[in-house]
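Below is one structure; the comments refer to it alone.
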Amino acid sequence: MDQIVGRSGTLLTLDQVRAAVSFDQPNLIAESDGKRIRLEGTYLVFEKGVVAAPDGPITSFEISMELSERYPRQEPRVFETGERIPRVAERHINPNGDCCVTVWENWLVEVNDHTLSSYLNGPMNEYFLGQFWYEKTGKWPFGERSHGLKGLEEAYADALGISNNAESLRYHLRLLSHDWPKGHWLCPCKSGKLLRHCHRDDLAAMHAKVPPPVARRMLSRLKADGRL
Amino acid sequence: MTKHTKIAKSHDDVLEELADALDIPPSKFEEAKSRYDSIGAWLDRPESSLARYSPAISPQGSFLLGTVTRPLTLAEEYDVDLVCLLQGSKTAFTQKSLKEAVGNEVHLYAAARGMAKPVVEGRRCWTLTYADGAQFHMDILPAIPDAQSYRQMLTEQGHPILATSPDLAGQAIAITDRTLPQYARPTADWPLSNPQGYAAWFRSRMLIQLTERKIEFAKREHITASVDQIPDHKVKTPLQRTIQLLKRHRDCMFADDADYKPISIIITTLSAHAYNEEPSVSAALQGILRGMDRFIENRDGQSWVANPVNPAENFADKWADEPKKEENFRRWLEQARRDFGTYLRSSPFNSIPSPLRENLGSDLVNRTLQAVLPAAAVLATPAVARPAEADQTRRAEAAIEQIQRDGPQSKPWTRS
């Protein structure tokens with residue numbers, strides 16, 4: 001968690017990226033222009049936890065990926081470059097052409113391991129396996145988020161473990177944005193009681209799961225998307 | 001080891017067979033063993049000048065660890081590292097007198113056996129070279145027991161738990177070094193070594209798989225003996241197999257730059273650290289190649305590969321003065337990751353891509369594939385393997401079910 005809340009101060013290096021991909025994704029080549037690290041080549045889709053399958057990968061996609069040295073504080077951008085996936089929202093391609101692999105803050109909260117390997121073998125694999133399955137069946141195997149602001153709210157509510165109510169979600173996130181939620185604030189359950197006399201322990205557990213920098217980012221994105 | 005060639009059906013079958021082909025042949029192993037047993041018997045014969053010190057010969061290094069790899073060419077030899085341990089003390093010997101006492105008996109042995117090649121004195125050991133056909137030489141390291149000094153050293157360095165371990169520190173030895181100023185002087189200041197302690201640490205890193213493989217061996221060979229009675233060298237764990245493959249890859253990659261190749265003790269130590277009892281060679285390769293460099297420490301700006309049974313000893317001590325050695329290690333690691341990754345991740349099991357084929361030796365790879373695959377099954381290498389469409393769909397369905405059972409990490413979304 002240190003990495004995502006920005007306490008560690010470590011920056012992602014080209015060597016670390018190469019170490020993460022050279023074995024697992026040997027057809028991706030990593031290069032750096034000094035500002036960003038770019039991965040390009042063939043991304044291999046596998047069964048979870050499988051090192052090698054007798055016939056090779058299930059499928060593969062041509063991709064390009066941009067990584068900031070501030071990863072995982074900054075979300076990577078992934079582009080499908082083989083023109084296999086139509087550039088439409090229904091196929092979870094953003095208007096600017098990048099793949100909407102996941103709602104980043106949701107993944108940061110739901111998973112403990114935020115290494116590049118974990119991202120490549122987790123959400124990336126699920127996204128492209130999902131794309132393959134959609135090609136075959138027209139269905140998304142792991143479900144999908146609504147588009148735009150609504151999908152963000154769904155993802156954040158899931159991350160917090162609360163029902164998806166726009167007002168309640170924002171109030172929770174405002175509480176969680178503080179280093180320690182104030183006991184004299186009203187409890188988000190709308191009981192009218194002070195937090196210290198109501199769901200203080202539940203909120204403390206939520207605060208441990210969603211640290212203030214992540215909660216602030218969620219709020220900030222909700223505001224930005226709400227203005228669109 | 002008993003050879004059971006079978007038709008390969010997976011990457012692991014091929015890798016196991018490749019590693020087996022790299023191993024010292026059982027007949028050669030037995031020949032080497034019988035020769036060093038013969039030296040031991042000579043040193044301990046009644047008329048030996050060393051007999052009162054109960055001399056004992058035992059293997060160290062890759063022979064002890066089970067990670068010997070076949071020399072790259074027939075012109076090269078197996079390097080059999082041996083310890084000649086005398087039950088003596090630093091009051092009975094100087095380093096020089098111990099070295100010469102052992103050397104004297106080794107010379108007599110060579111003469112009695114009519115060995116044509118001269119016994120050669122090295123900095124720390126005596127080298128006994130056999131006739132050309134034998135394809136090995138023995139490096140015999142004179143030593144006396146010295147666990148006490150070793151434990152004291154570890155305690156002073158701040159490793160009290162390691163110091164009290166019977167397995168890791170209890171069999172340490174004092175050795176000789178003819179380049180030291182005190183070489184000929186009576187002194188307690190001798191170099192220390194601990195090959196048995198290192199071997200115990202290495203064994204501890206693969207104990208679960210070692211035990212399981214011994215159980216399988218006993219079943220296969222209809223042996224009723226307990227697992228403890230089966231010698232370690234009868235089986236090979238994924239860790240040992242992986243190290244053999246990596247050493248071979250290193251040998252081929254640096255065939256023209258042998259002086260600067262990554263040394264075996266560094267590959268072995270980092271591999272054993274990164275190994276997590278994976279049950280297959282493919283999984284061991286993934287775990288080791290992904291993670292082995294994480295065990296290179298940085299101590300005050302110096303890269304440090306600590307001897308696990310003597311953390312003050314840096315196996316990478318040459319890297320500071322010869323940066324090319326560190327560069328070569330890192331270059332080799334990146335290449336090994338990509339070569340083994342390309343085979344395991346993007347190729348079908350019956351097609352070994354060219355870079356890996358070259359870095360394991362084309363002859364070895366071709367011989368092995370011919371032995372374990374029907375001729376028609378050896379494929380040319382596509383950039384990325386493409387399974388049949390029906391298989392793709394079936395596998396994707398199973399993969400999806402597994403992820404759904406475990407809980408997917410994410411759902412796709414789209415920005416406005």
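In what follows, chains carry the letters A, B, and so on, assigned in the order in which the sequence lines appear, proteins first and then strands, with residues in each chain numbered from 1.
- Of all the listed residues (A/Ser117, A/Cys100, A/Gly56), the one sharing the greatest number of non-hydrogen pairs under 4.5 Å with chain B is A/Cys100.
- Using a 4.5 Å cut-off between heavy atoms, A/Ala20 does not touch chain B at all.
- The choice from A/Gly151, A/Ala52, A/Ala19, A/Pro26 that makes the most heavy-atom pairs within less than 4.5 Å of chain B is A/Pro26.
- Atom CD1 of B/Ile208 has 12 or fewer neighbouring heavy atoms from other residues, nucleotides or ligands inside a 6.0 Å radius.
- Interface residue A/Lys136: only side-chain heavy atoms are found under 4.5 Å from chain B.
- Per-residue heavy-atom pair counts under 4.5 Å with chain A were compared for B/Ala8, B/Ala396, B/Ser10, B/Ala398, and the maximum is reached by B/Ala396.
- Comparing B/Glu334, B/Arg395, B/Glu401, B/Lys9 by heavy-atom pairs within less than 4.5 Å of chain A, the highest count is held by B/Arg395.
- For chain A, the nearby part of B/Glu389 is the side chain; its heavy atoms alone come within less than 4.5 Å.
- B/Lys236 and B/Glu16 are not joined by a salt bridge, as no carboxylate oxygen comes within less than 4.0 angstrom of a charged side-chain nitrogen.
- For the pair A/Arg38 and A/Glu31, the salt-bridge criterion is not met [side-chain N within less than 4.0 Å of a carboxylate O].
- With a 4.5 angstrom heavy-atom cutoff, A/Phe132 touches chain B only via side-chain atoms.
- B/Arg330 and B/Glu326 are joined by a salt bridge, as a carboxylate oxygen and a charged side-chain nitrogen come within less than 4.0 angstrom of each other.
- One N or O on the side chain of A/Gln25 and one on the backbone of A/Leu44 form a donor-acceptor pair closer than 3.5 Å.
- Looking only at heavy-atom pairs under 4.5 Å with chain B, the residue among A/Val101, A/Thr42, A/Asn96 that has the most is A/Val101.
- For B/Asp391, the part sitting under 4.5 Å from any heavy atom of chain A is the side chain, from C-beta outward, and nothing else.
- Across A/Ile58, A/Asp15, A/Asp158, the residue that shares the most heavy-atom pairs under 4.5 angstrom with chain B is A/Ile58.
- Residue A/Thr137: no heavy atom, backbone or side chain, is found under 4.5 Å from chain B.
- Within the 4.5 angstrom heavy-atom criterion, only side-chain atoms of B/Leu289, from C-beta onward, approach chain A.
- Electrostatic pairing of B/Lys411 and A/Glu144 does not count as a salt bridge here, judged by no charged N lying under 4.0 Å from a carboxylate O.
- B/Lys324 forms a cation-pi arrangement with B/Tyr260, by the criterion of a distance under 6.0 Å to the ring centre and an angle within 45° of the ring axis.
- Counting heavy-atom pairs closer than 4.5 Å to chain A, the top residue among B/Ala283, B/Ala399, B/Gly341 is B/Gly341.
- For A/Leu152, the parts lying near chain B are the backbone and the side chain together; criterion is any non-hydrogen pair under 4.5 Å.
- The part of B/Gln402 that comes within reach of chain A is its side chain, from C-beta onward, which places non-hydrogen atoms under 4.5 angstrom from that chain.
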Stepwise, does the side-chain hydrogen bond (donor to acceptor under 3.5 Å, both in side chains) test hold for A/Arg36 with A/Ser68? CA-CA 5 Å; A/Arg36 292 190 158 271; A/Ser68 158; 5.2 Å; no
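- Between the A/Asn106 side chain and the A/Ala155 main chain, a donor and an acceptor come within less than 3.5 Å of each other.
- Contact annotation for A/Ser60: only side-chain heavy atoms (C-beta onward) come within less than 4.5 Å of a heavy atom of chain B.
- Of the two parts of A/Val45, neither the backbone nor the side chain holds a non-hydrogen atom closer than 4.5 Å to a non-hydrogen atom of chain B.
- Between A/Arg84 and A/Glu62 there is no salt bridge, since no side-chain nitrogen of the basic residue lies less than 4.0 Å from a carboxylate oxygen of the acidic one.
- Chosen from A/Asp24, A/Leu129, A/Asn27, the residue pairing most often with chain B at heavy-atom distances under 4.5 Å is A/Asp24.
- Judged by the 6.0 Å distance and 45° axis criteria, B/Arg345 is not positioned over the aromatic ring of A/Phe23.
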